[in-house]
Structures are given as structure tokens and as C-alpha cells.
Amino acid sequence: MSIQRPKGTQDLLPGYIEKWQYLEEVIRKVCFEYGYEEIRTPVFESTELFKRGVGETTDIVNKEMYTFLDKGERSMTLRPEGTASVCRAYVENKLYGTQQPVKLYYVGPMFRYERPQTGRFRQFHQFGAEVLGADKPVVDAEVITLVWDLYQRLGLTGLEVHINSVGCPSCRPLHRESLQSFLDQRRTDLCRDCQDRFDRNPMRILDCKNPSCQTLTHGAPTTLDHLCEDCASHFTQLQELLEAAGVAYKVNSRLVRGLDYYRRTAFEVLVEEIGAQSAICGGGRYDGLVEEIGGPSTPGIGFAMGMERVLAAIEVQKKFPELKPAQFAMVIALGDKAQQRGFSILSELRKSGVPASIDLVGRSLKAQLKAADRVNAHYALILGQDELDRGRVVIRNLRLGEQSEVPVSEIVSVISDKYREGARV
RNA sequence: GUGGUUGUGGCGAAGUGGUUAACGCACCGGAUUGUGGCUCCGGCACUCGGGGGUUCAAGUCCCCUCAUCCACCCCA
């Protein structure tokens, strides 16, 4: 058997790539309007960055990273997410020395070694945004609003925006303690994973999907019950701002995101209809991350959106606009002499910005018209020996099935005029 | 890492052990000689994912393997 693409990767072919281009276009537009600028960082980084930035206890670092040694024996890793890289770039390029906050976004491939399934790939794509250097609740609100706004523009419905506050280093220990004492006597009834989590990261038990863990944690103290004054007011203000912006959110006190760095605000956007992997966006505040990576103490918040999943949602909800690429004109030349003339006409058309093509494989007139039809061309410019002798070109309107003749010298201006008029028929 | 699903021509899809492996779509060509989208006709598979086995005989049964898809874990 011939070589095939690696498991969990995909070839994005013409016919579908237009949908990606459309999504990227909307993303860039929204980001521009919100004043976010693009950043591009390497697709691989020192392994250490992700160990520190994502967290040693996470599944991503423990079992999902594409790690390799380069020829200089340095351990490198294909980026599993974007936030760590953006923070690294912020520190390395001393963006903390510029006007704060810094508002950035990125679009690109991420890599995670996992078993593929619906909405999950080994190479997938994320759109993400990060705001570094601002800690007020408005920032959180703006970021969530951006996400919401983007989904609105894409026409998506039935979305659920879940928000929560996981507290900060000063209030989280209190929650941890009270949660542990709540669960202590039923500890052995928890699933195996949660028994591990009990000491390591008990908060995650709240988020466990195992039904028995869910009943056991029913009525358990949540982080919201233990927020310190600052965190509580931050969360309240966030909600007020989201209401002001018209974002339909739900407080979900069991929402605990997987990455270690989250602080205070955590949020997630879910859609049904796209399979078991229903989260199309996840994010939160990470005020300690930049420092963890060796930079100055800097607050930060951001999110990552799975583009494949967003596209799947747009697809099932049938919200893609008409995306039909069309060649405006097809030059149909018969014979070598006509081909030369036709080729020169074609090149003039292209110079004036008209999308146009010519037969490249020596097809018959009939076959060329068929081909013109297939690329949705508006006009066929027919040039044979006959026309050549008389210095004229046949213009056939393929939509109407009507045709007329025009002198060769005028053909380019006639067609480009029609193109500019945006001729629909 | 665990569980299940599927694997026939470019795509979709028949085929319930036995001569030349249906059909649809797509593609290419043609229907009195230079005009498309409809219709009609014709062309287009020597590994039925790969390997091994059972049998007189296997796409059809068994084993192994690879790939795929779906689900769990976790995540976007």
C-alpha cells in the first residue's frame, strides 16, 4: 500500500478549504475590530516551555506531547497549545515594556498525540487570543464577548457559554481543604482517577464525568463558595459586564479546566450536534503563568478555539454562505494559431484582474465548453480559424446561452467591463 | 492506553463459497463534420486493505496485521 497521511491528520482539499478561508476571514475581521493583533510563534518549542507552562500534572504533558530530540540533543516539542508560546514570546521580546495590555491572537496548527475521533485530531487547528498585562474584570468580559461575537457572526445557535471562578492562590487552599474534608469519608467510593486527584488536584473531581463521582460530589463545596473578597468581586463584575454586553452565559460551578495555570475566571463554550467532543472554545485567566516562565509578574487571560469543531458546527447548522469560486471567463481557442492569440487575450484579461482560464490539455470545442460550464464561467470567448481570419471573437454568455461577436481589439475591455459591473447574467 | 465499527474501481454501493465481481455518480469520448448545462451510446477494476490458513473452490469461513471511523480517558 502507498504512503498515507499520519493518523489523525487531514488533507484540506479544494472544495472544503474555502470553508477554512471563510472562517479565518471572519476571525481576522473580528480580531481587527476588537483591536487584537496577530502573533505567529514557532510550531515547536523547547519541551521545558510546555512542562512549565501547561503543567507537569496535565494529560497533555504526560501523555500527549510530540517530543523529539533535535540533532543538537535538545528536547523539542510540537506545540500542544498556544498560550505558553505566546507568553514566552511576550517575555522574550520584552513586550511587557510596551504599552499594556498587549492584545494578541493566533491561528495555527497544534499537535497532540491522542486517539482520533469525531472532533479530535493529532494535528488540529486553534484560533486563540490572549490579553497580557491587565487584570480587571473588563478584560475577561471583553475576551468572552469577542468569542460570543464571533459565534454570532458565524450564525451559530444553541451555544452554551459556561463561566466559573476557580479562585486564586489565596482562596483556593480553603476550598481544597473543605472539599477534601467533604469527600474524605467517601474517598474510597470515588473512581480510580478521582482517588488520585484527591491529593493532587481535588478540584478536578467536581468535573469528573463518572456518574458515581457526580453523585458523590453532589452538594460538595465549590470554588464559588470559598472565593476571597477580591475574587468574588471580580466574578460579580464579570457577570455584570457580560450582561451589559448581551452575552448569554451560565454559571457552572463545576467547570474546572484541565490546564494547571488557570486562576479566577474559567470559561467554556459548548455545542451539541458535533459529537462527543462538544467544547468549541475554552479559556480562562492565568495570572501566574508569565512569571512561571521567567518573566515579570503579569496578569493574563485568553482562550483557544478548536477550528475543526467550529467548522463542524457551522456545517451541521448549515450556516456557510455560498462559497462558489468561479472563473469569470474561459478562453476557448481552436488550433495553434488561435491558441497564441487566445493566450495573449487571456493574459490581458488577467492583467486587468479578470479571473479567466484557457484549456490546457487540448480538448475539443465541445469539451472546452463543458469545462467552462463546470467552473461556473459566465462567458466563453471562442476563437477559431474563422474568427481569427475576420479579426473577431465570439462572446458566449453561458448563463443565457446567447452569443455575439466583437472585434479582437475590443474583447478585453468588453469583458473586463462586464466583470466590473459584476454581471450576474 | 481501553472498547467497539468498517475496509470491494476516483466516490457511493450490491455481492447470504463455485463460470467473464452488479449498479449509481464522477471521469474520458461519441451522437453526419466548430457550441456547454438535459438525453442517449460507448470507454474506464487483472492485489475485492495486507499476510497466512481451511476448502476441489473464498470478496464471501478462520487467524494475524495494517488502516479507518466511533466511544472512553482527556481535551479544542
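Here is how names work: the chains are called A, B, and so on, in the same order as the sequence lines, proteins then strands, and each is numbered from 1. Note that these values count all heavy atoms, side chains included, but never hydrogens, waters or copies made by symmetry. Every value quoted in this text rests on a predicted model; they were computed, and no experiment measured them.
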Legend entry - First of Ser278(A) and Ile274(A) reached from the 5' end of RNA chain B, by closest nucleotide: Ile274(A)
Inset, instruction - Please work out if Ala279(A) contacts a base, only the sugar-phosphate, or nothing of the nucleic acid, heavy-atom cut-off 4.0 Å. - result: sugar-phosphate
Inset, instruction - Decide yes or no for Tyr66(A) and Pro80(A): does some side-chain heavy atom of the first lie under 4.5 Å from some side-chain heavy atom of the second? - result: no
Legend entry - Separation between the P atoms of C62(B) and U6(B), rounded to whole Å: 12 Å
Inset, instruction - Give the nucleotide from the list A76(B), U35(B), C72(B) with an atom nearest to the side chain of Leu365(A). - result: U35(B)
Inset, instruction - Indicate yes or no: at least one non-hydrogen side-chain atom of Glu130(A) is less than 4.5 angstrom from one of Tyr106(A). - result: yes
Legend entry - Salt bridge present between Arg341(A) and Glu387(A) (N-O < 4.0 angstrom): no
Legend entry - Base partner of C28(B), which must satisfy Watson-Crick or wobble distances under 3.5 Å: G42(B)
Inset, instruction - May I ask you to decide whether Lys29(A) forms a salt bridge with Glu25(A), counting only side-chain N to carboxylate O separations under 4.0 Å? - result: no
Inset, instruction - Check the angle between the aromatic planes of His226(A) and His175(A) and answer parallel, tilted or perpendicular using the 30° and 60° thresholds. - result: tilted
Legend entry - Pairing nucleotide - G7(B), Watson-Crick or G-U, each distance under 3.5 Å: C66(B)
Inset, instruction - Let me know the distance between CD of Gln4(A) and P of C66(B), rounded to the nearest Å. - result: 13 Å
Legend entry - Interatomic distance at C1', U35(B) relative to G24(B), whole Å: 29 Å
Inset, instruction - For G1(B), take OP1 and OP2 only and decide whether either is under 4.0 Å from a side-chain N or O of Lys63(A). - result: no
Inset, instruction - Could you work out which one of A76(B), G34(B), G29(B) sits closest to the side chain of Gln126(A)? - result: A76(B)
Legend entry - Earlier contact from the 5' end, RNA chain B, for Pro116(A) and Gly306(A): Pro116(A)
Inset, instruction - For C72(B) and G7(B), measure between their C1' atoms and round to the nearest Å. - result: 23 Å
Legend entry - Side chain of Ile382(A) (C-beta onward), nearest among G34(B), C72(B), G36(B): G34(B)
Inset, instruction - Please tell me which of the listed nucleotides, A76(B), C28(B), G34(B), lies nearest to the side chain of Arg374(A)? - result: C28(B)
Legend entry - Nearest-angstrom distance from the residue atom CE of Met330(A) to C1' of G34(B): 16 Å
Inset, instruction - Mind checking Gly128(A) for me? I need base, sugar-phosphate or nothing, with any heavy atom below 4.0 Å counting as a touch. - result: nothing
Legend entry - Atom pair distance, as rounded to whole Å: CG in Asp373(A) and P in C27(B): 11 Å
Legend entry - Closest listed nucleotide, where the reference is the side chain of Glu114(A) and the choices are C72(B), A76(B), C70(B): A76(B)
Legend entry - Listed nucleotide nearest any side-chain atom of Glu387(A), set G34(B), A76(B), C72(B): G34(B)
Legend entry - Modelled atom types, side-chain donor and acceptor of Thr298(A) and Glu291(A), under 3.5 Å: no
Inset, instruction - Rounded to the nearest angstrom, tell me the gap between atom CG in Asp359(A) and atom P in C28(B). - result: 11 Å
Legend entry - Proximal nucleotide (of C28(B), G36(B), A76(B)) relative to the Leu369(A) side chain: G36(B)
Inset, instruction - Once you apply the 3.5 Å cut-off to both distances, tell me the Watson-Crick or G-U wobble partner of U54(B), or none. - result: none
Legend entry - Atom-to-atom span, CD of Glu405(A) to C1' of U35(B) - whole angstrom: 13 Å
Inset, instruction - Could you measure between the two P atoms, the one in G53(B) and the one in A14(B), and give it in whole Å? - result: 30 Å
Legend entry - Rounded C1' spacing from C44(B) to C56(B) in Å: 35 Å
Inset, instruction - Calculate the interatomic distance between Lys370(A) atom NZ and C27(B) atom C1'; express it in whole Å. - result: 9 Å
Inset, instruction - Using atom NZ of Lys366(A) as one end and atom P of C38(B) as the other, report the distance to the nearest whole Å. - result: 12 Å
Inset, instruction - Determine the Euclidean distance between corresponding P atoms of U20(B) and U68(B); express it in Å to zero decimal places. - result: 35 Å
Inset, instruction - Mark yes when over 12 heavy atoms from residues, nucleotides or ligands other than Glu272(A) sit less than 6.0 Å from its CD; otherwise mark no. - result: no
Inset, instruction - Give Phe121(A) one of three labels, base, sugar-phosphate or nothing, depending on what nucleic acid heavy atoms sit under 4.0 Å from its own. - result: base
Legend entry - Of the listed nucleotides C70(B), C72(B), C69(B), the one nearest the side chain of Thr118(A): C70(B)
Legend entry - Any Gln368(A) side-chain N or O less than 4.0 Å from OP1/OP2 of U35(B): no
Legend entry - Protein-nucleotide distance (Ile3(A), atom CD1; C66(B), atom C1'), rounded to Å: 15 Å
Legend entry - Proximity to the side chain of Gln403(A) - top-ranked nucleotide from U35(B), U68(B), C70(B): U35(B)
Inset, instruction - Spell out, as yes or no, whether a donor-acceptor pair under 3.5 Å connects the side chain of Ser352(A) to the backbone of Glu348(A). - result: yes
Inset, instruction - Can you figure out which of G30(B), A76(B), U35(B) approaches the side chain of Ala304(A) most closely? - result: A76(B)
Legend entry - Pairwise C1' distance, A22(B) and G12(B) [rounded to whole Å]: 14 Å
Legend entry - Interatomic distance at C1', G50(B) relative to A67(B), whole Å: 10 Å
